[in-house]
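Any value given below was found using the heavy atoms of this structure, including those in side chains, with hydrogens, waters and symmetry copies removed. Below, chain A is the first sequence line, B the second, and so on; all start at residue 1.
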Protein chains: 2
Amino acid sequence: MAGLNERKQKILHAVVTDYIQTAEPVGSRTISRHYKIALSAATIRNEMADLEELGYLMQPHTSAGRIPSQQGYRFYVDALMDATSLTQEEEEYLARLFTQLEKMREIDQIVQHTARALSVITRYTSLVLAPQIKQSAFKQMRLIPMDNDKALVVLITDTGYIRNKVIEMPKALNQQEIDLVVAYLNKELSGQTIASLTSERLRKLRSDLYYHTDILNVLLNMLELCAQKPENRVYLGGASNILNQPEFKDVEKLKHLLTLFEEDERLTMVLENVTEGLSIRIGTENVLAEMKDCSLITASYHLHGRPIGTIGVLGPTRMEYARVKTIIEEISSRLNKLIGTL
Amino acid sequence: MAGLNERKQKILHAVVTDYIQTAEPVGSRTISRHYKIALSAATIRNEMADLEELGYLMQPHTSAGRIPSQQGYRFYVDALMDATSLTQEEEEYLARLFTQLEKMREIDQIVQHTARALSVITRYTSLVLAPQIKQSAFKQMRLIPMDNDKALVVLITDTGYIRNKVIEMPKALNQQEIDLVVAYLNKELSGQTIASLTSERLRKLRSDLYYHTDILNVLLNMLELCAQKPENRVYLGGASNILNQPEFKDVEKLKHLLTLFEEDERLTMVLENVTEGLSIRIGTENVLAEMKDCSLITASYHLHGRPIGTIGVLGPTRMEYARVKTIIEEISSRLNKLIGTL
DNA sequence: TTTAGCACTCACTTGAGGAGAGTGCTAAAA
DNA sequence: TTTTAGCACTCTCCTCAAGTGAGTGCTAAA
């Protein structure tokens with residue numbers, strides 16, 4: 001696999017970068033002209049024929065130039081890609097963005113704005129997975145009576161994620177009883193991750209406070225629900241950007257992707273399935289068939305060293321990997337810093 | 001304008017319904033064959049020429065059939081359209097939907113699910129405007145301390161809309177003071193619409209409680225913000241459905257719409273600009289240029305007789321007006337009933 | 001007033017021809 | 001042995017012309 005001499009690597013690099021720019025098959029002449037490789041077109045042709053045989057390039061038809069195969073992109077991403085840095089414009093945009101984000105105190109809002117910004121700056125579609133309540137830790141819980149028979153439960157977690165739920169109140173409970181139960185739960189559960197609140201563990205609490213079972217039941221049920229039910233907390237930005245990509249000028253291809261964009265559960269799955277840290281998934285390396293012509297670059301973000309969510313950029317396999325990678329790294333690092341201060 | 005004899009109306013009706021079904025220009029032969037109008041194609045041709053001159057029909061080119069003009073659709077919607085009723089399938093789908101919705105206690109969730117369902121059942125794109133906090137009435141407010149310097153304000157309104165905001169806490173405030181201020185606000189503001197909380201009115205409260213200005217200021221600022229800042233609370237469903245419409249097989253046209261779909265502020269504007277009750281906006285009757293080839297059918301929903309939001313369906317001007325109208329009427333009426341019980 | 005007949009229009013399809021970009025192969029040059 | 005120039009070849013894409021078919025407008029007869 002690694003048996004590519006330097007010349008082949010240079011040529012592969014030229015093909016990939018040119019194709020990323022132009023979206024047109026790259027011919028041997030183009031390379032010998034534009035890419036300061038001191039070789040004639042004929043020699044390059046021979047090398048390209050080799051690269052094709054080795055699986056790094058493909059030819060749409062006999063008399064066309066070459067385009068990178070998935071394996072070609074993979075090699076480019078792993079070994080060939082130049083490190084880039086942010087342009088001044090991008091730098092300024094991010095500076096402005098983060099001074100705005102710093103004013104927001106809620107993770108949800110921050111994450112939503114990040115998704116939008118990510119798509120604006122990359123000009124691709126962005127996907128952002130907000131912290132799942134499951135992975136958050138219990139901080140405190142409050143119960144606010146609304147009417148006779150309804151109350152609002154507010155659950156605050158350490159990730160700054162706040163969840164409301166209106167519940168039916170069992171009747172004939174006085175405020176004192178409620179306060180007691182809530183105080184007990186706050187003391188008992190503080191710092192525990194929501195996911196750890198299994199039916200098992202909750203049962204124990206139930207028996208501890210058996211004389212308040214009515215209200216306790218309602219609250220514990222809510223927690224149990226939070227721990228079990230997967231939440232779809234994925235935000236999409238710049239979906240219309242895919243229309244700028246020539247590979248999606250075909251309406252049928254578009255339909256598959258746009259339909260996918262409306263299926264929050266599956267998007268969540270994609271983002272959860274990604275390895276921690278920075279990840280680049282090319283073409284069929286993505287599990288979903290709809291994404292076989294797409295690449296997804298993601299980075300996880302963390303709180304107290306624990307990964308709590310993912311930001312990602314989705315584009316055609318012909319994506320500007322280097323640029324997007326730089327941007328994602330920068331944004332996720334800034335995001336981590338910001339979350340730390342919440 | 002109204003000078004259409006019965007025969008012309010019959011023919012116009014035939015053209016519109018046929019075109020809605022097929023998306024192809026309708027010829028005179030098709031009408032005389034399929035629509036039980038006991039006239040020859042030639043006669044119908046003459047009438048169609050008249051209808052064109054009167055502005056109800058258009059011809060894409062000389063030797064093609066006719067398609068309805070915007071004015072043609074308008075006449076159809078106002079005078080010609082047959083009343084339809086729900087199919088059994090639709091009926092069952094709605095029954096299932098609303099038994100689900102009844103279990104939800106929060107307006108936001110209800111509205112989101114309604115948007116999705118509306119797009120599924122109509123097979124068009126749906127737009128739903130959730131209650132604006134401005135138009136809601138103050139019910140109660142709570143302040144939950146989080147850390148030393150932060151607190152969570154929970155604002156509950158009569159529309160079941162709950163708003164959280166994390167605020168910076170002025171230091172050196174004891175719980176007692178806070179409770180006092182919150183209790184005062186709850187008493188003073190109960191039942192008032194948020195929009196009525198102008199700077200003017202709030203100033204009075206400020207002077208009433210001048211000895212607690214720190215915490216009071218923070219809370220009042222939050223309320224003022226809610227009263228002023230327009231919120232974008234619009235939900236979109238089934239955006240990918242527009243891809244099934246032949247009129248949007250052109251990627252350029254699509255781009256305009258999809259880009260619009262990402263601009264929440266402008267979508268909100270569209271839905272706010274609509275008349276109360278049922279409204280049908282055809283083509284350029286919509287203010288936004290992007291929607292000049294679309295029609296929008298909307299209905300407002302109410303609480304205590306006050307309109308608090310809008311549900312709508314967006315499709316091509318060649319939309320199945322009758323079917324969609326029936327569905328929207330049904331859903332909004334059921335939604336109204338449901339909201340009343342919250 | 002309605003209808004049959006007919007010439008006419010115009011989009012759409014098909015196929016042929018030519019241009020252009022790029023290839024693979026061969027033989028000469030380095 | 002490696003590189004390069006030359007050349008025939010392949011395949012897409014564009015254009016153009018001819019043919020097809022759906023539908024029209026007009027005219028004259030019913």
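- Among all heavy-atom pairs drawn from B:Ile327 and B:Glu90, the shortest one is CD1-OE2, 3.8 Å.
- A donor-acceptor pair is defined here as one N or O able to donate and one able to accept, closer than 3.5 Å; no such pair exists between the side chain of B:Thr317 and the backbone of B:Cys294.
- In this structure, B:Thr43 does not reach the C:dT2 phosphate: none of its side-chain N or O atoms is under 4.0 Å from OP1 or OP2.
- In this structure, A:Leu12 and A:Leu57 approach most closely via the heavy-atom pair CD1-CD2, 3.7 Å.
- Pairing of C:dC10, defined by two Watson-Crick or G-U wobble distances under 3.5 Å, is identified with D:dG21.
- Of the possible polar contacts, none joining the B:Thr310 side chain to the B:Leu129 backbone as a donor-acceptor pair under 3.5 Å is found.
- With B:Gln70 contributing its side chain and B:Thr284 its backbone, the two residues share a donor-acceptor pair below 3.5 Å.
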Dump the pairs, protein N or O against N or O of nucleotides 22-24 of chain D, anything under 3.5 Å, distances to one decimal.
| residue | atom | partner | partner atom | Å |
| --- | --- | --- | --- | --- |
| D:dT24 | OP1 | B:Ser28 | N | 3.3 |
| D:dT24 | OP2 | B:Ser28 | N | 3.3 |
| D:dT24 | OP2 | B:Ser28 | OG | 2.6 |

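- Scored by the side chain to side chain contact (heavy atoms under 4.5 Å, CB included) test, B:Lys253 finds B:Phe248, B:Asp250, B:Asp293 as partners (sequence neighbours excluded).
- Side chain of A:Arg7, nearest nucleotide from D:dT3, D:dA5, C:dC10: D:dT3.
- Between A:Tyr56 and A:Phe75, the angle of the ring planes goes over 60°, which puts this pair in the perpendicular group of the 30/60° scheme.
- Scanning residues 34-41 of chain B for heavy-atom distances under 4.0 Å to DNA chain C yields B:Leu39, B:Ser40.
- Using a distance-only test at 3.5 Å, with no hydrogens or angles considered, no donor-acceptor pair links the side chain of B:Tyr76 to the main chain of B:Val15.
- Pairing partner, C:dT2: D:dA29, with both Watson-Crick or wobble hydrogen-bond distances short of 3.5 Å.
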